[in-house]
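Computed over heavy atoms, backbone and side chain alike; hydrogens, waters and symmetry mates excluded.
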Amino acid sequence: MNPQDPLSQLRDIHLPEPGGFWPPAPGWWILAVLIIAAFAALVWFILKRRKRNRWLRSARAQLASLERSASPDPAWFAKLNTLLKQAARERYPDQHPEALTGDAWVEFLLTTAPRDRVASRPVAEALVHSAWRPRVSAEPTEALAFARLWLGGQKC
């Protein structure tokens with residue numbers, strides 16, 4: 001090594017150490033925030049929908065209970081009718097369906113039914129009228145099928 005030669009005093013080129021994975025670049029932070037926000041929005045929408053549909057789950061559970069105790073009894077038809085009125089009150093609060101009786105209630109049920117309105121008319125009429133007549137004019141299985149159809153078509 002010559003002390004007079006400045007080039008001999010230079011050291012070899014050393015590359016800097018590669019960067020670690022932490023802290024991430026700003027783009028990764030933005031992506032993480034967007035993913036967390038999207039996940040939070042999804043959870044919020046799911047919880048909101050579950051809360052909004054709580055009445056429907058409850059009505060379906062009550063319908064299953066009524067199905068287990070089905071009998072051609074006016075009191076049983078009155079319970080089924082009450083269940084449908086409670087569900088209608090929750091689904092259509094502005095129309096006040098709980099105040100409807102007789103043919104007006106039948107028309108409301110048929111108007112809000114999802115399908116087979118013409119075929120469902122005799123069953124709906126028998127369901128409503130069997131609740132207050134001494135002899136029932138409908139089969140519990142038909143009434144349950146109509147109630148299941150009516151509740152199944154309810155979307156929120």
Please give me the minimum heavy-atom distance between L127 and A138, naming the atom from each residue. N-CB, 4.3 Å
Please find the pair of heavy atoms, one from L66 and one from W76, that lie closest to each other, and give the distance. O-NE1, 3.0 Å
Relative to the ring of F108, is the ring of W150 parallel (under 30°), tilted (30 to 60°) or perpendicular (over 60°)? tilted
Taking all heavy atoms of R89 and all of P97, pick out the closest pair and write down the distance. N-CG, 3.7 Å
To the closest 0.5 Å, what do you measure between CG (N81) and CG (L109)? 7.5 Å
I need the N53 CG to R91 CZ distance, nearest 0.5 Å. 9.0 Å
Please report the closest heavy-atom contact between A143 and F77, naming both atoms and the distance. CB-CE2, 3.6 Å
Between W55 and A87 (side chain of the first, backbone of the second, donor and acceptor by atom type, cut-off under 3.5 Å), is there such a pair? no
Rounded to the nearest 0.5 Å, what separation is found between the NZ atom of K79 and the OG atom of S65? 8.0 Å
With clusters built from Ile, Leu, Val, Met, Phe, Trp and Tyr whose side-chain heavy atoms come within less than 4.5 Å, directly or transitively, what are the remaining members of the cluster of I36, listed by chain and number? none
If you link I, L, V, M, F, W and Y whenever their side-chain heavy atoms are under 4.5 Å apart, who else ends up in the same group as I46? L42
Could you list the residues that satisfy side chain to side chain contact (heavy atoms under 4.5 Å, CB included) with Q62, not counting sequence neighbours? S58, L83, Q86
Mind listing the closest non-hydrogen atom pair of P140 and P72 along with its distance? CG-N, 3.7 Å
Mind checking who shares a hydrophobic cluster with F39, ILVMFWY linked at side-chain heavy-atom distances under 4.5 Å? V43, L47
Across all chains, not counting sequence neighbours, the side chain to side chain donor-acceptor pair (under 3.5 Å) partners of Q95 are none
Atom pair OH (Y92) and OG1 (T112), whose distance is rounded to the nearest 0.5 Å: 4.5 Å
Crowding at NZ, K85 (>12 non-hydrogen neighbours, <6.0 Å): yes
More than 12 foreign heavy atoms under 6.0 Å from CZ of R57: is that the case here? yes
If you link ILVMFWY side chains whenever their heavy atoms are less than 4.5 Å apart, which other residues fall into the same cluster as I30? By chain and number, please. L34
Return all side-chain donor-acceptor pairs below 3.5 angstrom for residues 12-23, not counting sequence neighbours, or 'none' if the list is empty.
none

Is there a side chain to side chain contact (heavy atoms under 4.5 Å, CB included) between F146 and E142 once you walk through the steps? CA-CA 6 Å; F146 175 77; E142 293 175 347; over 6 Å; no
Residues in side chain to side chain contact (heavy atoms under 4.5 Å, CB included) with R11, at least two apart? none
Residues passing the side chain to side chain contact (heavy atoms under 4.5 Å, CB included) test with A147, sequence neighbours excluded, are L63, L80, L84
Considering residues at least two apart in sequence or located in another chain, which fulfil the side chain to side chain donor-acceptor pair (under 3.5 Å) criterion with E67? R148
Got a sec, which residues hit salt bridge (charged side-chain N to carboxylate O under 4.0 Å, His left out) with E125, two or more places apart in sequence or on another chain? R121
Residue pairs fulfilling salt bridge (charged side-chain N to carboxylate O under 4.0 Å, His left out) with at least one residue in residues 29-47, sequence neighbours excluded: none
Locate the shortest heavy-atom distance separating W105 from V128; write the atom from each residue and the value. CD1-CG2, 3.2 Å
